[in-house]
Each structure stands twice: as structure tokens, then as C-alpha cells.
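Lettering of chains follows the sequences in order, A, B, ..., and the numbering in each one begins at 1.
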Protein chains: 2
Amino acid sequence: MDVSVDCVVFGFDDQKLKLLLIEQKQPGGGASIKLQKALPGDLLMDDESLDEAARRVLSELTSLEGIYLKQFHAFGDPNRVRGLKDQEWLRSFRNNPERRVLTVGYYSLVKMEDFNPKAASFAGKAQWIDVYKIPALAFDHNEIVDEALKMLRHELVADNIGFELLPEKFTLSQLQRLHEIILDKKLDKRNFRKNILKNDRVKALNEKQKGVLHKPAQLFKFDRVE
Amino acid sequence: MDVSVDCVVFGFDDQKLKLLLIEQKQPGGGASIKLQKALPGDLLMDDESLDEAARRVLSELTSLEGIYLKQFHAFGDPNRVRGLKDQEWLRSFRNNPERRVLTVGYYSLVKMEDFNPKAASFAGKAQWIDVYKIPALAFDHNEIVDEALKMLRHELVADNIGFELLPEKFTLSQLQRLHEIILDKKLDKRNFRKNILKNDRVKALNEKQKGVLHKPAQLFKFDRVE
DNA sequence: TTGTGTTAGTGTAAAAATTACACTAAGTTC
DNA sequence: GAACTTAGTGTAATTTTTACACTAACACAA
């Protein structure tokens, strides 16, 4: 059996929660097939752990290091790579396209400003897609995305990991908007701020927002070291 | 690469939290090797999903159906089956003992009364071991157990799954003792009861404990259907 | 039958956490 | 300096959580 990892990479652009998807590679030789979008992922290499593989996939795609990355579920349906389009594609790229593939899902939080797919070397291969407008993906990737979303929503409130999706310096309004969009519900401004600020690792900076046409907001950072 | 599932099966005997471990099979042919205890598990069969495999392992071992069972983590260290004793054992039982094995961990909650290892057909192969006295296990099974325990502790408070480890009819004192032992801390009786009883699915029965030499306790059941 | 041992079962007041809610402040642009 | 826009702040009411001690019901022994 083959084993792969797939990464569900979340990003946030101040308006929408997005997902990093890749366009499947077109096989060489003219015979064009129906391409689908897919999660970035790869087969495990011989001497690589699951975490290493996931980190490799991420860094090959984005050149980013030190990104938030967490295993969340293994997907092992024996038919998960047996879809028609999936088989067509696999026949072009795998020695054993029929072979069963188990995949381990990772979800990852990226500061979107840190990665511009257009600028990356394999230009255009990857793109940020609105999480609420995901098309039909290859394999069982839609299911994997759904699970990752559940996980994200859960960890967002349980562990306050929202800042992983924001720039180093952020305002509390940004963070609140992020929560509201991910959880799809309005939050009370004052209560939200109280809640965030009781976390000691959220530090106010001596710096304000600039170039906005209203009262500039205080900037904060999240202190990783305790 | 091979893929297996391993089941961390918890049980509770009113005093201790226990784990179902099996003694590794002795290879035939006299050449006795050092045997270790291990988690029940098996390689995936060709057309079997992960969940199905885990359920099969469990039902082959205990003949029980409808047991609480949940995937919790995949373990993929490339060297996780390369220990000396592990290799020795694998050489006796596997065609490709060197082959890398990824395993997916499941944790499972069993009513201990439902399964007596002594009585099962492969008598003596399995046994209940105190979770706080686990010996060195085969492969990375100690690590798997540790992760499962974390998961159990978390779900016990988050989802109140304690009754899965108790008989159909149980008393609140039993349930409290269970919580205290798993979480390793004393709980306040009154607050504990309030907390449990605000869950509508915990139903008082018209029945009391019998044969105890003190005030008999009210029995409760957990209503699975909503 | 009475007393003893043992666990079951119950309520309340104090403290802490969560919720709901509305106005002033600080910038920008015209 | 007026208009616009978002930032930022406190308090009272409600809910949730905590701490805590005595009576009730049974078995057994005397």
C-alpha cells in the first residue's frame, strides 16, 4: 500500500478564509485529461516520518519554515483513489495507479502575506481559494477539507490559534473578524477583547495602524515564548 | 509500506483503569525468542478501511460488537519497527520483516464485564493490565498508549464518555470513582452529580444496588438514543 | 432491637465567569 | 471644522462554578 500526506493549508486575507489548492499537473504527451484541483500532498519518501513529509510538502510549495502544522486524521477507504478522473490522472503519474493509497491529513495555518502563489517558482500551480467556494476536488479531498475545517473551528476557540493566520502585528478587530468568519457568527466586541487579552502572550505594541481613514487601532503581537 | 491498526482498549474494574494487552505469539519451531506484550492490532486487509480493520481486530479478540472505537493518531516513524526485539519477532511472522509499517491508533472503551480474556478461545493470550503499570511494550506501543490516555482524559471531561466503561446500570459513585481514577484527582461529590445529571441522557432507573453493606445506591443508565 | 459501620444523597451561599449593552476617541477626507 | 468611520472602553445582570456538612438507608453484630 502507498502512504501519502495531504496538507489543508488555511490562510486569511482580512475578508475570507482561504485554502491553498494546487492544480493537478497536466501529463506530458499531448493527451490532455480532465484536471482537478487537489490538496498539496505527496507520497512518503523512504526514510521520512509523517510529520517530516508534511513539512516537506509545505516547504516545497511555499518555501516557508516554522509553520503551524498538525496531523488530524488518517483516511484509509480502500476506494478513495478509485474515482474515474482520479484513476485517469494516476495512470499518467504513478507506476501503480491501481494501488491503494492511505493518506494522513495535516492542517496548517499560514500568514497569507508570507506566501504569494503567483510569485512562487512553479507559478500559478497553487492558488488561494475561498473556503466556502471549494469546487469538487480530486480523490476524497473534499472530505479531508471538511474534517480539517471542523478541527480548525474547534482549535480556534479551544486554543486561540487565530493569530497564526494573521500578520506578526495585528489589531484586535482583525482577529475578531477572523473569528467571526471562521465560526460564522457575530461576536461582541468588548467581550471578545476581554477574552483575548486575558491571554498573557498577547502583547500590545507601541505602535498603531497607519494609513486608515479612521481612528488607527493599536497593534498587538503574539508572544510565542513563554 | 505496510499499514496496520492498533487498538488501545480501556476497561475499568471499579478500582483500576486497565488496558487490554496481548502476549506476542511464540514462533513455532522451538527457537524461542524474547516475547513482549503488545497492543492488539493487525495489518490492513486488502479491501478493508481503517475503521473496519480496527473493528475486526476488536471483534476477533473479544467477540464484542458495537463497542466505542475511535481513531486518534497515525504513527509513521520510519524506524518504529526496527527495534532489536521487534525485528526478531517480525522475522518469524512476516514475509518482509524489514518493511516499514505505518500504524493507525484507535482507542476503545469496553465494559470489562463483557469480556473475560481467560474465557476467550485463545485463552490467556490477552490480559487486562493496570494502565499505571504498563511494562515495556513492542514497537512504539508505549507511545501509542500515552497518546490514547491523553485522548481518553480529554474526551472524558469534554464528552462524558465514562459510562462506556461501566456496566449498563451503574451508580453515580461508580462513575465518580472512574473519573477520579482516570483524571487522578479528587472530585466533589455534589458538584460531580450536578454536572452529570444536567445531561438529559443519564436516566435514573427504578432500581437500587443490592447486596451492599451500606445504603444502596440508585442505579442509572445512559440513554444512547436521543 | 439496638447500635455500629459504611456509603448514598442532598442544598445553599460565595465567587467567578459570561453576557448584554452604548457612548466617546482618534484619525481621514472634503 | 464638519462628516465619516472604526477603535476603544466599563458596568450591572445572569449564569456557572465552587466549597462545604449533615441525614438516610442498608447490613451486620451484639
Sugar-phosphate only, base, or nothing, as touched by B:Lys208 at under 4.0 Å among non-hydrogen atoms: sugar-phosphate
Distance-only donor-acceptor test (3.5 Å): side chain A:Arg190, base D:dG10: yes
Polar side chain donor-acceptor pair, B:Tyr107 to B:Glu155, under 3.5 angstrom: yes
Salt bridge A:Glu164-A:Arg224, side-chain N to carboxylate O under 4.0 Å: yes
B:Lys185 with B:Glu180: basic N within carboxylate O range, under 4.0 Å: no
5' precedence on DNA chain C between A:Pro216 and A:Asn191 (nearest-nucleotide basis): A:Asn191
Separation of atom CZ in B:Arg177 from atom P in C:dT6, rounded to whole Å: 15 Å
5' priority, DNA chain D, between B:Asn195 and A:Thr171 [closest heavy atom]: A:Thr171
Nucleotide C:dA8, atom C1' - distance to CZ of B:Phe192 in whole Å: 14 Å
B:Leu197 vs A:Leu213, nearer the 5' end of DNA chain C by closest nucleotide: B:Leu197
Whole angstrom value for the distance that separates P of C:dA25 from CG of A:Leu172: 20 Å
Upstream residue (5' side of DNA chain D) when A:Gln209 and A:Asp188 are each assigned their closest nucleotide: A:Gln209
Salt bridge present between B:Glu23 and B:Lys125 (N-O < 4.0 angstrom): no
Sugar-phosphate, base or nothing in reach of A:Lys210, heavy atoms under 4.0 Å: nothing
B:Ser173 side chain, from C-beta outward: closest of C:dA8, C:dT10, C:dC21: C:dA8
Value in whole Å for how far the P atom of D:dT9 lies from CZ of A:Arg193: 7 Å
From C:dC21, C:dA8, D:dG8, nucleotide with atom closest to B:Lys189 side chain: C:dA8
Spacing of B:Lys186 atom NZ relative to D:dA19 atom C1', expressed in whole Å: 13 Å
B:His214 side-chain proximity, nearest of C:dT7, D:dA7, C:dG9: C:dT7
Per A:Lys194 side chain, nearest of listed nucleotides C:dT19, D:dA25, D:dG8: C:dT19
Nearest-nucleotide pick for B:Lys215, side chain only, options being D:dA24, D:dA7, C:dT10: D:dA24
Under 3.5 Å donor-acceptor, A:Lys111 side chain and A:Leu166 backbone: yes
